[in-house]
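Chain naming here is simple, since letters A, B, ... match the order of the sequence lines and numbering starts at 1 in each.
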Amino acid sequence: MLKRITVSQLKPELSKQYQPAEVETKWLDFWQEQQYFKADPNADGEAYCIAIPPPNVTGVLHMGHGLDETIQDTLIRYHRLQGKNVLWVPGTDHAGIATQHVVVEKLHREGKNRHEMGREAFLEEVWKWKEEAGGTIGRQLRRLGCSCDWSREAFTLDEKRARAVRVAFKRLYDKGLIYRGEYLVNWDPVSLTALSDDEVDYEDEQGFLYHLKYPLADGSGTITVATTRPETMLGDTAVAVNPTDERWQHLVGKMINLPLTGRQIPVITDDFVKKDFGTGMVKITPAHDPNDFLMGQRHGLPMINVMTDDAKMNNLAGKFAGMDRYEARKAIVEEFKALGLLEKVEPHPMRIGRGYRSKAVIEPRLSKQWFVKIAPLAAQAKAAVESGEIRILPQTPWEGIYFNWMNNVRDWCISRQLWWGHRIPIWYKKSDPSVMICFEGEGLPAEVAAAPNEWVQDEDVLDTWFSSALWPASILGWPDETEDLKRWYPTSVLVTGHDILFFWVARMVMFGLELVGRKPFTDVYMHGLIFGKTYYEKIGQDYKLIPPMQAREFDISGEMPKNVEAKWEKMSKSKGNVIDPLEVIGEYGTDALRLTVGGYAALGRNIDLDWRRFQNYRNFVNKFWNAARFVLMVTEPLKSEEFRRGIESCSLEVEDRWILSSLNKVIIKSTETLDRYEFDQYVAGLYDFIWLNYCDWYLEMVKGRAYGHDEAEESHRAARTTLLVVLEHVCRLLHPIMPFVTEEIWHIIRARVVNVEAGVSASGATSSLFGDCFAAPSLCVGAWPKPSLGLELADSEETIALLQEAVGAIRNIRGEMRVPMEMKVGVTIEHKDAAGRDQLSRVRGHLRSLARVDQLKIEETAVAPKFASTFVSGAMTIL
RNA sequence: GGGCGGUUAGCUCAGCUGGUUAGAGCGCCAGCCUUACAAGCUGGAUGUCAUAAGUUCGAAUCUUAUACCGCCCACCA
């Protein structure tokens, strides 16, 4: 009989329920002390490097990070286990607009104003805020178990990155790829800054189409134009019709008395105008509409800006001056009505652009801005993906979207009217602003230093994404040819949500190729976005949002009342559908969180995050923990010396061979799926192996075997050895996604094998299955398991005999059950043409009639020109 | 307006190149504190695989159309 000792006698510290909190802090400290994540460019091994997508420095961890960092850490730990020279550089982003906003609002609450404070003082405030808030995200990343090299932590606005930015700017400037120009930019009237096209979010809103009548100057009547924005008519400088529009040819060249302004404007023709929209006549306001701007340029029309930078009407707006744009709209419509010039107003769906941070309605605005010429950069960036040098995963649809974007790029407006950011390294001569100096060094250019009063630096800063675009290179020391850069550039993979493909990924590729001369990464892995369940109570026709506390109850129970409807929506605080990773960690542990998001991370899918999954994986972690407790109990009588003779020296029973064979399969599957970024498959494979195969079957069989036998028997030694071998391998396989509990268990096993008897060294193990794995002091620097040869169950009769034997053994302990025993049945048929197909069908039918084949895979391969060989294989369930 | 993806059990999802009886977790029903685990074990119920047609000996899987949901892109005033 197995010695009747209980786990609590044996290891009182191993609680029945896994307690994540202590275990996690213990290993976090241990890893930190041992500096396992510190990378050395001179170390051996293939280079593997990831640059973290830098979270906003003042942000807090949200579930998107939970997913993003889990995937990266899983990859990093996996490749580290494979013996590569791994570097994961952490860092944070200064997030220009977002951060400046927060500080402006904070000062506002304190009754201060940045303009009164001045630039210097304000920036000091921002830095102060950054220092206070800036550590949070880093600490939270650590809690997630991120195995970053913290000694290389970077910030997009620190001195090294600032230098990279200046050098990049200067090189692009000297090459003529950066220029200053007048342009109609997306103006955010709240942040008072220009935004790039990608920083504008569009929403469908119900607006109105106003049909305005403009009188012809010759008094021959009026024409009607349609507009959604009547207030801009004050800046109209033409009315356009399509050149092929027969109806209005007689008007072309005539002048119009523009109401309310006293100005006359011409009727012109332009292809842009659609004949079938509205009346086929369009008012042209070059200073307030992107299309009109282009048309204005084509026709040399004057550009009249009628608004101030905070979207009020300016003094060119006559009596409307000072009004907010929406007040002005009302007032102008009223005026038209009063003049009898308002033909009609009809509801009209329209798309409103809003600043992605301030949510203010964007006002197109004429101003001088800095631009990067994108066309030449885009050509290279497109080619790199076309040639396969850079892979975008999942390929569909993102590669197509990438190409589409690269084909339709507009120049990138990089100047922002903010203070928080990299200041544009340009100085203008006061006496002649067209004289400029671009300087990449620190401090002032020599000419400016010599005559500081004659020069002035550009007031604007660069778009945050300018420094982000340099990130993979700048974190490795570029523009210097550092050891790090040589060793780890290009980085291996970039992991990010698909929402920033254009903001960031595309620009990194462009800058990497142009400035460093090499691509910034080899793979781009785009994961889905995370959605949260939002609950609405239906009251009559209306829906009312269910508050977060109650929503969480529905989340946990998975049930809700009949009058409540659930919808998956992007997580946002106002919706109350946010799941806080730290709350999850506190409740279920980091491993469970990581397993959950990893298990959801199928290529190319958005994630509808269901709270109940956390519980599911928490239970899994606990199951694994308890399996380990059992194994430790059962293996107690096993002397380490005996154990170390290795698994080859045991005479294995069929179930031992079966579980080892399954282990082999799961090793192969784990390796393949991780190589292909199929995290969901990786998690599912191990989940099933541990719960279904190892726990439900193998452990139970071992128990059955134990009764009525002498524990000193060879059979016991084989079982205990197998138990321990499988457990140890599983620790290593799961470590990338589930680092804490595996590390804990692995160390206990290690202590059992290595340290039980004095004088036994770690490397003394002879078993090829164990190899030298215990020579490593931690799973963090261990070795990824390799599939072992010779453990596959043999085919055919021998296997069947073995299986029957196993079934007998199982029936003894558990009655009649099905055994998920897998085997291959191979039949090779050679046939010619269609004639052979009949034979093939008969064989298939025969196999089916056995009614025992779970799965039947048929591979047809041509082995010779005139022959096809068909190999039929299947997995059988023995009853 | 173009392009893409999804629709499988009450809920959240697997099901990869077509193969026989479509799976898991949660929930539900019955029975279990069996000496690893009640965060568990055993057994059970539950599906016209969105709809329709087509290809095939055979379709959740391939083709086509339709419906609904979602995403991306686009200059329609």
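- Comparing B/A36, B/C37, B/A39 by their closest approach to the side chain of A/Arg618 singles out B/A39.
- The side chain of A/Asn291 lies closest to B/C75 when the candidates are B/C75, B/C11, B/C13.
- Between A/Trp691 and B/G40 there is no side-chain polar atom (N or O) within less than 4.0 angstrom of OP1 or OP2.
- A distance of about 15 Å separates the C1' atoms of B/C29 and B/A9, rounded to the whole Å.
- Set against B/U12, B/A39, B/A36, the side chain of A/Asn619 has B/A39 as its closest nucleotide.
- The interatomic distance linking A/Tyr687 (OH) with B/U12 (C1') rounds to 13 Å, in whole Å.
- Between B/U12 and B/U8, the two C1' atoms lie 12 Å apart (nearest whole Å).
- Comparing the same atom, P, in B/G70 and in B/G58 gives a spacing of 38 Å after rounding to whole Å.
- For the C1' atoms, the distance linking B/A14 with B/A60 amounts to 12 Å, nearest Å.
- You'll find that the side chain of A/Lys623 is closest to B/C37, out of B/U12, B/C37, B/G15.
- Across B/U12, B/C37, B/A39, the shortest atom-to-atom separation from the side chain of A/Asn626 is found for B/C37.
- Ring centers of A/Phe614 and A/Trp611: under 6.0 Å apart, within the cut-off.
- Of the candidate nucleotides B/C37, B/C75, B/A14, B/C37 has the atom lying nearest to any side-chain atom of A/Asn622.
- Considering only the side chain of A/Thr227, B/A77 comes nearest among B/A77, B/A38, B/A39.
- Comparing B/A50 with B/G43, their C1' atoms sit 33 Å apart, to the nearest whole Å.
- Between B/G47 and B/U42, the two C1' atoms lie 24 Å apart (nearest whole Å).
- For A/Tyr18 and A/Trp625, the ring centers sit closer than 6.0 Å to each other.
- Salt-bridge annotation for A/Arg365 and A/Glu363: absent, with no side-chain N of the basic residue lying under 4.0 Å from a carboxylate O of the acidic one.
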Secondary structure string for RNA chain B (Watson-Crick or G-U under 3.5 angstrom, | for other-strand pairs): (((((((..((((.....[...)))).(((((.......))))).....(((((..]....))))))))))))....
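- Checking B/A39, B/U12, B/A77 against every side-chain atom of A/Trp568, the shortest atom distance belongs to B/U12.
- Considering only side-chain atoms of A/Asn616, the nucleotide from B/G25, B/C13, B/A36 that sits closest is B/G25.
- To the nearest whole angstrom, the two C1' atoms, one in B/C57 and one in B/G18, are 12 Å apart.
- Ring centers of A/Tyr588 and A/Tyr617: at least 6.0 Å apart, outside the cut-off.
- Comparing the P positions of B/C49 and B/A22 gives a spacing of 11 Å, expressed to the nearest Å.
- Nearest to the side chain of A/Asp696, among B/C37, B/C41, B/A39, sits B/C41.
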